[in-house]
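Residue numbers begin at 1 in each chain, while the letters A, B, ... track the order of the sequences.
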There are 2 protein chains.
Amino acid sequence: MAGVSCSACPLRRFRIFTPFTPGELAFQQDFKSGELTADPRTTLLMEGSNAPQLFTVLSGMGVRYKTLENGRRQVISFVLPGDFLGLQAGVMGEMRHSVEATTRMRLCVFRREDLWRLFQAQPARAYDLTWLGAIEEHLLGETIVTLGQRDATQRIAWAFYKLFRRLRAVGLGDPRGVPLPFRQQDLADALGLSLVHTNKTLKRLAAAGQAVWSRGRLELADPAALAAIGLVDHHRPERRPLV
Amino acid sequence: MAGVSCSACPLRRFRIFTPFTPGELAFQQDFKSGELTADPRTTLLMEGSNAPQLFTVLSGMGVRYKTLENGRRQVISFVLPGDFLGLQAGVMGEMRHSVEATTRMRLCVFRREDLWRLFQAQPARAYDLTWLGAIEEHLLGETIVTLGQRDATQRIAWAFYKLFRRLRAVGLGDPRGVPLPFRQQDLADALGLSLVHTNKTLKRLAAAGQAVWSRGRLELADPAALAAIGLVDHHRPERRPLV
DNA sequence: CGGAAGATTGACGAATTTCAAGCAAAGTGG
DNA sequence: CCACTTTGCTTGAAATTCGTCAATCTTCCG
């Protein structure tokens, strides 16, 4: 699976090769590279934990989620290559949601102290980080709009379109389709729908020839048409020139 | 209405008294103080605009919202004293949602250029800003969980409890209740519910003696009980010591 | 081959939306 | 000060989306 170069990490200048307590996490770590590999199902960050690590996703995918007392799970967002993980814990002191690897993932690891040193010594990089945060905040805002105002078909169309664009932007897939290694249950939990209703809506989208998602691959006949169904708000966030 | 001191602005050292084009916005501005007053219904930031201003809310309340092509509106979050507005535009170049004043508001104004100068010269303040961003991101994540997994009663209980806590934290109201000058329609749009269903659910909460919201004031008999109904995740974000 | 995880389907019920009025409070102009 | 208007709140009934239950099927893997 293609990925993102480690040179894309906002903190790359401050990379520190943090050894983990052996067995502390089910990670295999390559100390030479400062990278880390996580197997599918591994919890990278756990809600309530005071994780001292920050990650940049180099390759692989996962989910951020939160579990309620009543057992229901909400997937807050899908984690794709290029995403930055742990800023919340880094800055608030504690994760308020969990992050789990869906596929095998490669990650670039930093320590929390690096974050503060970054702000002191590399304002441009700190600004980049804030930019990443704003992008993420924007995505969460759009997700709120989706959960609040769109019906099942629109939600799925919206999600498919956004995932397609995000994945294409990091070089994955081709103009016809992208890898999407999640379960229907993950999508249902992300969109606030039941598994059954998600399944039936998926079926309808496929029957209509608009989107086929099977065996971990999402194929879109006409992304623009799907965007229209999902009432997608077109906007390409661009890096704002400093000043 | 009580408020927040301007000295709480993360950018206070960089305050610049930006004169607006007269009549450009329906604002009354006090040039001497670098503050700005917005009347109810005034749009502070508009979706799609390239607003050169950033604000800290000193007093008053408003809503962030986004309107869909189909006319439906989603309130992304309620804007309370102490909130920072416009970071998205400041860093992404364009607002992706609008912000409207509900009550009369007092704001502290900055220019976008100040943001970059802040990162260069005041790393601690830049860090504060990132901290604010992380808090906001956390709130949006919780909102997603609410819209995705909670039913109408739980959503309203959750919203009431969170608003109560946030308002109390900035010194508004008293242990029995807080000012909440929004319309039922605003709450409905924030929680992804219809006005009718919101109204009936509010009625039930009031009849059960759990929360009474009328004439702009929200009274909670027992905040903890309401939190339980709303399955609220207890957590008090604290300022993380640097390093 | 057997087991487990995930996908699929139909039937039924519950939560929520929409539609359609009517009511109350607060402003506005004469 | 009073019609008149506007905005927001309230209520009932009908329509619908969506969730739950229960079962079956498929795929994958050891």
Notebook entry, point to check: Given B:L180, which of B:L163, B:D186, B:L172 fulfils the side chain to side chain contact (heavy atoms under 4.5 Å, CB included) condition?
Noted result: B:L163
Without decimals, in angstroms, what is the distance between [X] [atom1] and [N] [atom2]?
X: A:I156; N: D:dT17; atom1: CD1; atom2: C1'; answer: 14 Å
X: A:N70; N: D:dG19; atom1: CG; atom2: P; answer: 14 Å
X: B:L205; N: D:dC9; atom1: CG; atom2: P; answer: 16 Å
X: B:K203; N: D:dC9; atom1: NZ; atom2: P; answer: 12 Å
X: A:R41; N: C:dA4; atom1: CZ; atom2: C1'; answer: 11 Å
X: A:R73; N: D:dG19; atom1: CZ; atom2: C1'; answer: 17 Å
X: B:W213; N: D:dT10; atom1: CH2; atom2: C1'; answer: 14 Å

Next item on the list: Determine the interplanar angle of the A:F182 and A:F78 rings, folded into 0 to 90°, and report it as parallel if under 30°, tilted if 30 to 60°, perpendicular if over 60°.
Entry: tilted
Protein and nucleotides 14-17 of chain C: nitrogen or oxygen contacts under 3.5 angstrom:
{"residue": "C:dT16", "atom": "OP1", "partner": "B:A152", "partner atom": "N", "Å": "3.1"}
{"residue": "C:dT16", "atom": "OP2", "partner": "B:H197", "partner atom": "NE2", "Å": "3.2"}
{"residue": "C:dT17", "atom": "OP1", "partner": "B:G192", "partner atom": "O", "Å": "3.3"}
{"residue": "C:dT17", "atom": "OP1", "partner": "B:S194", "partner atom": "N", "Å": "3.2"}
{"residue": "C:dT17", "atom": "OP2", "partner": "B:S194", "partner atom": "N", "Å": "3.1"}
{"residue": "C:dT17", "atom": "OP2", "partner": "B:S194", "partner atom": "OG", "Å": "3.0"}

Check: Short question: side chain of A:R155, backbone of A:L147 - any donor-acceptor pair under 3.5 Å?
Finding: yes
Margin query: When you measure from the side chain of A:R96 to the backbone of B:H138, do you find a donor-acceptor pair of N or O atoms at a distance under 3.5 Å?
Written below: no
Check: When you measure from the side chain of B:R183, which nucleotide among C:dA7, D:dT10, D:dG8 comes out closest?
Finding: D:dG8
Checklist line | salt_bridge(B:E100, B:R73) N-O dist < 4.0 Å | finding: no
Next item on the list: Indicate yes or no: does B:R183 engage B:D189 in a salt bridge with an N to O separation below 4.0 Å.
Entry: no
Next item on the list: Check whether any side-chain nitrogen or oxygen of A:N199 sits under 4.0 Å from OP1 or OP2 of C:dT8, and answer yes or no.
Entry: yes
Next item on the list: Using a cut-off of strictly less than 4.0 Å, decide whether B:Q185 has a side-chain nitrogen or oxygen near OP1 or OP2 of D:dT7.
Entry: no
